[in-house]
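Worth saying up front: this structure is predicted, and the values here are computed from it rather than measured. Basis for what follows: all heavy atoms, side chains included, without hydrogens, waters or symmetry-related copies. Every chain is numbered from 1 and lettered A, B, ... according to where its sequence line falls, protein lines coming before strand lines.
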There are 2 protein chains.
Amino acid sequence: MKLSLDLDRSAPVPLYFQIARQIEAAIADGTLQPGTRLENELLLAEQLNLSRLTIRRAIQHLVDKGLLVRKRGVGTQVVHGQVKRAAKLTSLYDDLVKAGRTPSTKVLKLALEPAPPEAAAALGVPEGSNVLAIERLRGTQDGPLAILRNWLPEELAAFLTTEQLEQHGLYQLLRANGVHLRVASQQIGATPATTAESRLLDENRGAPLLTMTRTTFGDVGQAVEYAFDSYRASRYSYETTLVDR
Amino acid sequence: MKLSLDLDRSAPVPLYFQIARQIEAAIADGTLQPGTRLENELLLAEQLNLSRLTIRRAIQHLVDKGLLVRKRGVGTQVVHGQVKRAAKLTSLYDDLVKAGRTPSTKVLKLALEPAPPEAAAALGVPEGSNVLAIERLRGTQDGPLAILRNWLPEELAAFLTTEQLEQHGLYQLLRANGVHLRVASQQIGATPATTAESRLLDENRGAPLLTMTRTTFGDVGQAVEYAFDSYRASRYSYETTLVDR
DNA sequence: TAGTGGTCTAGACCACCGG
DNA sequence: CGGTGGTCTAGACCACTAA
């Protein structure tokens with residue numbers, strides 16, 4: 001199989017990324033079938049007039065995404081069977097929009113409060129000092145989906161209003177105000193719904209909820225958010241891709 | 001802060017990995033405090049007599065692990081607050097051993113059976129063709145922990161016996177027989193325990209179980225395993241790290 | 001043994017950030 | 001503006017795999 005890849009060296013998009021995107025598209029549309037071996041790196045580099053390292057980076061990008069596998073002495077092949085998209089640092093809001101659904105948000109709480117112990121520890125502030133506490137009910141046209149509870153450093157309160165939060169995702173608002181998220185540490189579990197949760201989510205008391213406890217860090221390593229989310233397990237599951245390296 | 005890093009150029013360990021390991025250790029033992037800025041890449045490269053690219057790879061490795069964050073024009077810093085270990089392609093068995101617990105395994109089923117539809121689709125075999133079906137109850141000294149259900153291609157049946165499975169992890173056995181796992185696509189959800197599950201796991205009927213549905217691929221892209229695991233949510237949660245790149 | 005990916009070098013130019 | 005990381009080149013040698 002011969003791929004036709006083209007490059008725009010004047011574009012602001014890195015060359016390795018242009019390549020990766022085109023190979024990914026070829027896999028998605030079936031041009032590159034599962035099990036197909038890519039041409040070797042030297043050949044690809046020569047054909048595209050790129051250095052081998054740039055080709056390698058493009059391939060590495062797709063290996064990290066779980067679309068390709070490499071084996072020394074053998075080659076690079078397309079993974080059999082489609083891989084689910086990997087977990088990324090995106091918000092539920094963005095995910096719902098991308099899936100063509102219409103997210104709705106009801107702000108249940110937006111207040112400066114003394115930080116509960118776990119939140120204080122995660123954010124690196126003294127226990128009991130004031131932090132911004134947010135509680136939201138996220139739903140779609142099909143009904144409620146999750147209770148989202150967030151605690152943020154006090155200084156981020158400035159640009160977060162109920163109106164903003166009901167029209168946009170939290171991460172989107174943070175990004176728009178120059179807060180860039182880089183790393184999150186997350187723990188996923190399950191609990192039975194409490195009476196209060198069951199009412200909000202339209203489930204029976206004791207119904208299983210998928211819970212995510214998360215601390216998110218910004219681009220200079222500071223903690224930006226501590227979150228405790230509860231999802232209706234009947235309507236939501238978490239997809240991820242693991243790669244061995 | 002001056003780090004003392006040393007290299008062994010005759011060792012079979014890649015240089016970038018030697019560097020990464022030492023920086024990671026320095027973070028772990030507190031030599032590099034959260035928020036500390038690393039020296040810039042040019043300087044590090046010069047001091048260690050390495051090319052900048054090698055240094056970059058070492059740093060990139062730790063960024064991927066969630067230990068460092070980079071920002072153009074600013075520098076590289078240690079993330080505040082400890083990050084949980086990222087989800088890797090390891091087995092529950094290995095994880096338990098590493099955590100100092102003693103895993104026990106009871107094989108409930110080990111048989112060649114017609115593949116159920118989802119398993120057939122995941123493994124890429126015709127529906128109803130024979131596959132190896134395994135069902136195990138995994139526990140620790142503290143009681144049962146999870147029901148592990150696996151379906152594997154028929155040809156892997158050769159070296160999997162009840163005795164082997166009760167003494168070792170499945171992934172461990174696969175690896176020992178030349179089957180190398182590379183990528184897994186996983187879906188995490190929650191369900192109420194059925195009567196049968198509640199009996200095996202010593203929970204009440206309807207208690208929340210954390211479920212993982214997983215397809216794992218080997219190093220030439222072939223599907224090696226389809227799994228459906230149910231964990232007691234009261235005793236197990238799934239930890240992961242997300243990195244934006 | 002031939003072919004593949006894995007690592008490494010010594011340069012270069014650019015984009016972004018902060019003062 | 002100076003300093004940082006981001007991208008890229010054109011080579012080189014090595015380790016592993018399969019025939």
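Atom-to-atom, CD of A/Glu39 to C1' of C/dG5 comes out at 15 Å; the value is rounded to the nearest Å. Following rounding to the nearest Å, A/Arg56 (CZ) and C/dG5 (C1') show an atom-to-atom distance of 6 Å. The CD1 atom of A/Ile55 sits 16 Å away from the C1' atom of D/dG11 (whole-angstrom rounding). A/Asn49 has its CG atom 13 Å from the C1' atom of D/dC8, to the nearest Å. Here C/dA2 presents its P atom at 18 Å from CG of A/Leu43, a figure rounded to the nearest Å. Atom CG of A/Asn40 and atom P of C/dT4 are 4 Å apart (whole Å). The CZ atom of A/Arg72 sits 7 Å away from the C1' atom of C/dG5 (whole-angstrom rounding). A/Gln60 places its CD atom 15 Å from the P atom of D/dC8, with the value rounded to the nearest Å.
Comparing C/dG5, D/dT9, C/dC8 by their closest approach to the side chain of B/Tyr16 singles out C/dC8. Of all nucleotides listed (C/dT9, D/dC8, D/dA18), D/dA18 comes nearest to the side chain of A/Val74.
A 4.5 Å side-chain heavy-atom check between A/Leu7 and A/Ile19 finds at least one atom pair inside the cut-off. For the pair A/Phe159/A/Gln164, no side-chain contact is recorded, criterion being any heavy-atom separation below 4.5 Å from C-beta on. Here the side chains of A/Asp219 and B/Val69 are not in contact, with every heavy-atom distance at 4.5 Å or above. Proximity of A/Phe217 to A/Arg182: side-chain heavy atoms (C-beta onward) are nowhere separated by under 4.5 Å.
Nearest-nucleotide positions on DNA chain D place B/Thr76 closer to the 5' end than the other of A/Ser51 and B/Thr76.
Using a 4.0 Å heavy-atom distance criterion, B/Leu15 is classed as a sugar-phosphate-only contact. Base contact: A/Leu53 has a heavy atom under 4.0 Å from a base atom. Heavy atoms of A/Ile59 sit nowhere under 4.0 angstrom from any nucleic acid atom.
For A/Thr54, a side-chain nitrogen or oxygen approaches OP1 or OP2 of D/dT9 to under 4.0 Å. One finds no side-chain N or O of B/Arg52 lying less than 4.0 angstrom from the OP1 or OP2 phosphate oxygen of C/dG11. The shortest distance between the side-chain N/O atoms of A/Lys71 and the OP1/OP2 oxygens of C/dG6 is not below 4.0 Å. Contact annotation: B/Arg9 reaches the phosphate of C/dT9 (side-chain N/O to OP1 or OP2, under 4.0 Å).
For CD of A/Glu46, the number of neighbouring non-hydrogen atoms (other residues, nucleotides, ligands) closer than 6.0 Å is 12 at most.
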